[in-house]
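One structure is given here, and the rest of the page talks about it.
All values below were derived from every heavy atom in this structure, side-chain atoms included, with hydrogens, water molecules and symmetry-related copies excluded. Chain identifiers are assigned alphabetically (A, B, ...) following the order of the sequence lines, protein sequences preceding nucleic acid strands; residue numbering begins at 1 within each chain.
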Protein chains: 2
Amino acid sequence: MATGRTHRPATRSRGIPEATVARLPLYLRALTGLSERSVPTVSSEELAAAAGVNSAKLRKDFSYLGSYGTRGVGYDVEYLVYQISRELGLTQDWPVVIVGIGNLGAALANYGGFASRGFRVAALIDADPAMAGTPVAGIAVQHSDELEKIISDNGVSIGVISTPAGAAQQVCDRLVAAGVTSILNFAPTVLSVPDGVDVRKVDLSIELQILAFHEQRKAGEEAAGNNAEQADAPPLRATPASRKGPDGDVPAVMPA
Amino acid sequence: MATGRTHRPATRSRGIPEATVARLPLYLRALTGLSERSVPTVSSEELAAAAGVNSAKLRKDFSYLGSYGTRGVGYDVEYLVYQISRELGLTQDWPVVIVGIGNLGAALANYGGFASRGFRVAALIDADPAMAGTPVAGIAVQHSDELEKIISDNGVSIGVISTPAGAAQQVCDRLVAAGVTSILNFAPTVLSVPDGVDVRKVDLSIELQILAFHEQRKAGEEAAGNNAEQADAPPLRATPASRKGPDGDVPAVMPA
DNA sequence: ATGTCTTTGTGAACGCGTGCACAAAGATGA
DNA sequence: TCATCTTTGTGCACGCGTTCACAAAGACAT
């Protein structure tokens with residue numbers, strides 16, 4: 001998962017653990033698939049396999065929602081779809097604005113999964129006056145001057161930021177001031193928001209770096225298998241290449 | 001954060017906790033900013049604020065890497081940048097392939113943060129023959145027939161999947177068979193991979209649903225403030241709207 | 001009606017991650 | 001050289017999340 005949790009100060013919402021909430025969409029997706037194939041009931045074991053989790057975990061997750069299963073049989077697919085949808089708040093309509101219609105913003109606007117489950121793109125907003133009026137995914141881009149009015153008129157409470165990093169905090173502030181209380185941030189920056197506002201961030205670069213770490217570790221262990229010494233030595237695979245970053249990435253500067 | 005962790009079977013790599021690894025890129029970004037402004041040293045308190053974390057957590061994270069600070073002074077910025085980069089494996093070059101050049105794939109190819117830190121887009125691959133040869137972000141798209149050869153020739157170990165959900169598992173299998181051992185998955189599917197292959201997923205839809213949950217909770221609590229009764233009742237804000245899904249989303253079916 | 005068999009729901013144990021609070025370390029100044 | 005002051009590094013406790021293992025519950029057959 002490429003998501004970064006941000007400050008949740010031990011506020012277990014209505015008794016449902018945050019970790020469970022994060023898995024509910026996963027279950028919902030698996031259940032929707034079963035529903036489309038007209039499967040009437042499903043056991044915790046089967047559903048867990050489809051969602052890629054442990055069956056005990058799944059049962060415990062569902063137990064936070066209530067006793068929706070039938071012992072000896074399993075769970076009623078349609079009923080569970082409805083219960084999870086309701087718990088996640090997907091039975092109501094969520095107007096969403098996307099700010100920053102570059103490559104990524106356009107991709108998000110075109111993303112089918114957006115509209116499919118209660119989320120409706122209320123507006124696309126960009127700071128470039130030249131973009132105003134241009135249709136993207138069938139919706140005309142509006143200039144950021146209109147931001148406050150759009151939020152207010154449409155009762156938008158969820159905003160997506162896909163601007164460059166430099167503009168993100170400013171856009172965030174305006175969204176919050178206009179009434180947005182949930183933000184999905186794609187810009188590589190730490191956003192600071194007042195209490196009561198939720199921020200989730202999606203950061204491609206961080207995900208890649210985490211993968212690189214594990215990749216390097218695999219290569220290091222492999223090399224350690226050949227070598228006799230402890231794996232504490234630097235991995236001796238490939239050329240270190242001595243990266244020359246833009247800001248003078250010198251080999252190493254011993255401190256003091 | 002919009003990332004989904006996937007199966008890490010308690011394999012704390014080289015003693016560095018997974019949670020710490022996930023934060024290292026955050027620190028690195030903050031440090032790079034300081035480095036560009038030629039700040040020589042930084043205290044754990046300052047750096048923690050810049051990265052949006054607790055200072056004690058930051059110090060503990062760094063303690064897993066070694067004792068790189070100087071008591072009474074703080075951390076040498078350049079030195080720390082180098083150490084974290086090395087630990088994350090960013091001092092070497094990582095060729096990456098992106099499979100599925102739709103809106104999202106194109107956005108990823110154009111994403112600057114990609115190339116900036118050791119990651120190099122080795123190839124863009126798409127299944128549509130009509131796309132072959134089309135330049136995206138300055139790189140000609142290649143047909144998926146070439147996938148195995150590209151992976152092999154360039155020594156690619158990291159693959160990004162931005163195909164539709166239906167094609168993801170198949171692409172994943174081919175990538176793994178060709179030698180890829182780390183996958184960043186943008187398709188809304190659970191990928192199954194053999195042991196030794198790392199998968200991280202980025203799922204926009206899941207992030208939005210988590211936000212919707214908290215948003216609904218806020219609205220519910222607010223309503224409970226006005227109302228006298230317990231907050232266990234359904235939130236009475238806005239119209240439930242009775243979503244009519246594509247697959248017959250009837251109000252509710254009581255089980256048995 | 002009774003017994004068997006399947007599957008849920010959960011009590012309990014364990015491990016990881018977080019944050020407090022403080023001792024150790026070193027810089028700085030007299 | 002010695003005292004003071006700042007900041008690191010970490011021992012410890014606590015809470016959340018995960019997993020095991022099993023009793024309770026219900027379906028189904030006889």
Contacts of B:V190 meeting side chain to side chain contact (heavy atoms under 4.5 Å, CB included) (sequence neighbours excluded), chain-then-number -> none
What residue pairs, at least two apart or across chains, pass ring-ring contact (aromatic ring centres under 6.0 Å, His included) with a residue in residues 40-59 of chain A? none
Sequence-distant partners of B:S205, side chain to side chain contact (heavy atoms under 4.5 Å, CB included), two or more places apart: A:R29, A:Y111, B:D203, B:Q209
Letter by letter from the 5' end, nucleotides 6-13 of chain D scores (B base, S sugar-phosphate only, - none; protein heavy atoms under 4.0 Å) BBBBBBB-
Can you tell me how far P of C:dT6 sits from CG of A:L47, to the nearest Å? 20 Å
In whole Å, I'd like the distance from the CD atom of B:E18 to the P atom of C:dG17. 8 Å
According to ring-ring contact (aromatic ring centres under 6.0 Å, His included), who are the partners of B:Y27, at least two apart in sequence or on a separate chain? B:F62
B:E46: partners by side chain to side chain contact (heavy atoms under 4.5 Å, CB included), with sequence neighbours left out: B:V42, B:S43
May I have the distance from B:D61 (atom CG) to C:dG17 (atom C1'), rounded to whole angstrom? 10 Å
